[in-house]
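Owing to the predicted nature of the structure, the values given are computational and were not obtained by experimental measurement.
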Amino acid sequence: MDTNAEIRSFLDHLGDLEYRLDHSTFNYLSVEVDGRRYLLQGRLFFSAFPSTATFTAFSHGKVRAGQLLFSKLEMTAAEVIRHVVDGCLPIEGNLHFPPASRGYEITYQPLHPAGGRTSRLAVLSFDGAARKDIVSQDVLDWEVRGADRPYDHVQELLQDYRLGFTSDRISLEVILSHVVEVDHSSRVQGNRATLGLYLPKELSKDDASLGYRVVEKQQVVSRALLRSGDMSWTDRESHLSGSAEIDVPRGAVVHCVANYQNIAQYSYYATDPDNVPNDRRATYESFDPDLSTLKEWALRTQVKGSNARDMEAAVSWLLWVLGFSPVLLGLFPKTQDAADIVVTTPSGHYAVVECTVGMLRTDNKLPTVVRRANELRQRLHDGGSAHLRVMPVIVTSLPKSSVIAEIEQAERLGVAVATRETLEAAIERTLLPPHPEAIFIETEKQIAEASARHTGKT
C-alpha cells in the first residue's frame, strides 16, 4: 500500500475546509513513562458543527486527556501528519508517537463505516507501536481511579473524550465529518413537506443543496434537487438554516440528502408524525419520540454491564417495530442463561438473537448462538414443527470494520451478523410499512450466499 498516496488522498479531500471549519478539535489521551510523554490515542476532528459535549482537562499522575481547538495548534493538517510520521507531535510539550517494528500502519477510508447510512465520514488512521510496550492497561486503570473525577478504567475516560475503544496499538485518527446536515425538524404535514438543512456560517450557501425522494406506499413517486436559490435562508446563532416546501401525497415519506459542492453529506427521512405508514412505529413513538432512546441504546458502543442490557432491550423494541414478535429473555437474572432475544415472524419462523456491545466472540457469543439455535431447532422437530425454520443472529453495535476479522467465522457457522450499519438501516426501514417475512427471507438468502462463498458451492 502506498501510504503517501493515502495521505495525499485525504488531504485532497479535506482541501481548504481545514481553514474554514471553526469547530475543529484535537482530542487526546497521553501518558508519561520514564520522563517522556506518549500519545496513546488521539483524534483530530475537522468539524462543521460545535460539539454538544463539555470537556474538562483531565490530569492525574501520569495520565492526561483533553481537547484543544485545532486553530490553537498553529499547524496545518499536513504539518500535523508530518510530525506524526516523524514520531513526535509538538503539542502539550511533546507527544511521542513511536512506530511499530515494521513502521506505521496508515489507512484512509473516504467512507468510514462509522458514518453508516446517515453521514459521510472520512478517516485517515495511523497505528504505531503496541500499547503494552509503552504502558500496561492495569497501570492506566489504577491511575485514573485515583483522580478527583475518578474513572473505573481508562476506557471510560476514552469514551468521555470521544476517543473510541482502547486499541492494542497507539493510534491517531484524522477525521472529516459531514459539513452540511439535514434539519431534523423537517416534516410532512398533510399534503405538504417542509424540508431544511443546516450549513456552517463560514461556508457559502451557494455550494449547498438538498436532494429528495418522495416515497408513497414503498414506491418512489418523485425526486428532485433544491438548490440554495430554491430555499429561504435564516441566520441562526451558530449556523445558516435553509428551508423549502414541496407538495407530497398524504402519508408520504421524504428521503432527504444534504449536499455540499454536489457531494452527498447527510441522509435523513422526513415523515408525518400524525400519519406514519408503520403503525407500530407510530405506537412506539408515543412513548419514545423519534426513537431517541432506542437509537441511543442500540448504537451506543461503550463498555459491558448495563450498556449491554440496554442494547438487548433496544434491539427487541426495534424488532417489534419492524413487525416481528420478540421475547426478551437475557435482561432478567433468572433467564440470563437463555438467548438474549427469541423472535418469531407472522408465519411462525424463528430467530435466536445474541447481542453484544463488543466483538462477536465476546463471552463466547458466537458459538453460544449456534448452540441455542440448534437446540431450538431440535425442540421444534421433536414437537412436530420441523417445517419451521430457525435462524441464529448476532448483533453488535460496532461498525463492520471493527469485526471484519470475525465475520468469516460467523458466516461459516451460518450465523447472520448485524453490525451498526445493519441497525441504522433497520431503523430507517421502520419508516415504511413492516414486512418481517421479507426481512427474514432476505437474511436467509445472505446467509446462504455467504456459506456458498466459503464452501465453494453455488
Test item: [X] side-chain N/O and [Y] main-chain N/O as donor-acceptor pair under 3.5 Å:
| X | Y | answer |
| --- | --- | --- |
| Ser397 | Ala298 | no |
| Asn27 | Tyr161 | yes |
| Asn278 | Val321 | yes |
| Glu18 | Ala77 | yes |
| Arg227 | Ser209 | no |
| Arg280 | Trp320 | yes |
| Lys201 | Glu237 | yes |
| Glu105 | Asp127 | no |
| Trp233 | Ser228 | yes |
| Gln41 | Leu163 | yes |

Discussion item. For a side-chain contact (heavy atoms from CB on, under 4.5 Å) check, start with the C-alpha distance between Leu44 and Ser24, then their side-chain angles and the critical distance, and finish with the verdict.
Written reply: CA-CA 7 Å; Leu44 177 55; Ser24 302; 5.6 Å; no

Nearest non-hydrogen partners of [X] and [Y], listed with the distance:
| X | Y | value |
| --- | --- | --- |
| Leu21 | Leu176 | CD1-CD1, 4.1 Å |
| Ile170 | Pro98 | CD1-O, 3.4 Å |
| Thr430 | Leu318 | CG2-CD1, 3.7 Å |
| Cys355 | Asp340 | N-OD2, 2.7 Å |
| Ile341 | Val315 | CD1-CG1, 3.7 Å |
| Ser186 | Val182 | OG-CG1, 4.0 Å |

Please say whether more than 12 non-hydrogen atoms of neighbouring residues, nucleotides or ligands are located less than 6.0 Å from [atom1] in [X].
| X | atom1 | result |
| --- | --- | --- |
| Asp86 | CG | yes |
| Asn262 | CG | no |
| Trp142 | CH2 | no |

With a 4.5 Å limit on heavy-atom distance, are the side chains of [X] and [Y] in contact?
| X | Y | result |
| --- | --- | --- |
| Pro434 | Leu322 | no |
| Met231 | Leu197 | yes |
| Lys400 | Ile404 | yes |
| Asn259 | Leu225 | yes |
| Glu406 | Leu366 | no |
| Ile91 | Leu39 | no |
| Val85 | Phe126 | yes |
| Leu140 | Arg131 | yes |

Is [Y] paired with [X] through a side-chain N to carboxylate O contact shorter than 4.0 Å?
| X | Y | result |
| --- | --- | --- |
| Arg145 | Asp152 | yes |
| Arg20 | Asp16 | yes |
| Glu245 | Arg192 | yes |
| Asp272 | Arg250 | no |
| Asp290 | Lys295 | yes |

Working to the nearest 0.5 angstrom, can you tell me the gap between [X] [atom1] and [Y] [atom2]?
| X | Y | atom1 | atom2 | result |
| --- | --- | --- | --- | --- |
| Cys256 | Leu226 | SG | CG | 8.5 Å |
| His83 | Leu95 | NE2 | CG | 11.5 Å |
| Ser267 | Glu428 | OG | CD | 5.0 Å |
| His23 | Ser177 | NE2 | OG | 12.5 Å |
| Leu89 | Ile81 | CG | CD1 | 10.5 Å |
| Leu14 | Ser9 | CG | OG | 12.5 Å |

Worksheet entry | Sole candidate of Phe26, Phe45, Phe46 that passes ring pair (Phe, Tyr, Trp, His ring centres under 6.0 Å) when paired with Phe70 |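 With Phe70 as partner, Phe26, Phe45, Phe46 yield a single ring pair (Phe, Tyr, Trp, His ring centres under 6.0 Å), made by Phe46.
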
Item to complete: List the steps, then state whether side-chain contact (heavy atoms from CB on, under 4.5 Å) holds for Thr76 with Tyr19.
Response: CA-CA 9 Å; Thr76 65; Tyr19 310 110; 3.9 Å; yes

Discussion item. Just to verify, which of Gln67, Glu92, Arg43 counts as forming a side chain to side chain donor-acceptor pair (under 3.5 Å) with Tyr28?
Written reply: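 Option passing the side chain to side chain donor-acceptor pair (under 3.5 Å) with Tyr28: Glu92.
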
Item to complete: Please lay out, stage by stage, how Val80 and Val174 fare under the test side-chain contact (heavy atoms from CB on, under 4.5 Å).
Response: CA-CA 10 Å; Val80 169; Val174 188; 5.6 Å; no

Worksheet item: Stepwise, does the side-chain contact (heavy atoms from CB on, under 4.5 Å) test hold for Thr56 with Arg149?
Response: CA-CA 10 Å; Thr56 302; Arg149 293 184 296 116; 4.0 Å; yes

Fill in: Stepwise side-chain hydrogen bond (donor to acceptor under 3.5 Å, both in side chains) test for Glu442 and Gln446
CA-CA 6 Å; Glu442 287 171 14; Gln446 292 167 4; 5.3 Å; no

Fill in: Pair Phe58-Tyr151, ring-ring contact (aromatic ring centres under 6.0 Å, His included): steps then yes or no
CA-CA 11 Å; Phe58 177 93; Tyr151 291 82; 5.7 Å; yes

Practice prompt. List the steps, then state whether ring-ring contact (aromatic ring centres under 6.0 Å, His included) holds for Phe10 with Tyr108.
Written response: CA-CA 7 Å; Phe10 176 83; Tyr108 171 47; 5.7 Å; yes

Worksheet item: Quick one: do the Ser292 and Asp288 side chains pair a donor with an acceptor below 3.5 Å?
Response: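 Their side chains do contain a donor-acceptor pair, which is all the 3.5 Å distance test asks for.
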
Worksheet item: Going through the checks in order, is the ring-ring contact (aromatic ring centres under 6.0 Å, His included) test met by Phe97 and Tyr104?
Response: CA-CA 10 Å; Phe97 193 79; Tyr104 296 106; 5.7 Å; yes

Worksheet item: How are the rings of His184 and Tyr266 set to each other: parallel, tilted or perpendicular (split at 30° and 60°)?
Response: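 Rings of His184 and Tyr266: tilted, 30 to 60°.
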
Fill in: His178: partners by side-chain hydrogen bond (donor to acceptor under 3.5 Å, both in side chains), with sequence neighbours left out
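In terms of side-chain hydrogen bond (donor to acceptor under 3.5 Å, both in side chains), with neighbours along the sequence ignored, His178 is linked to Glu181.
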
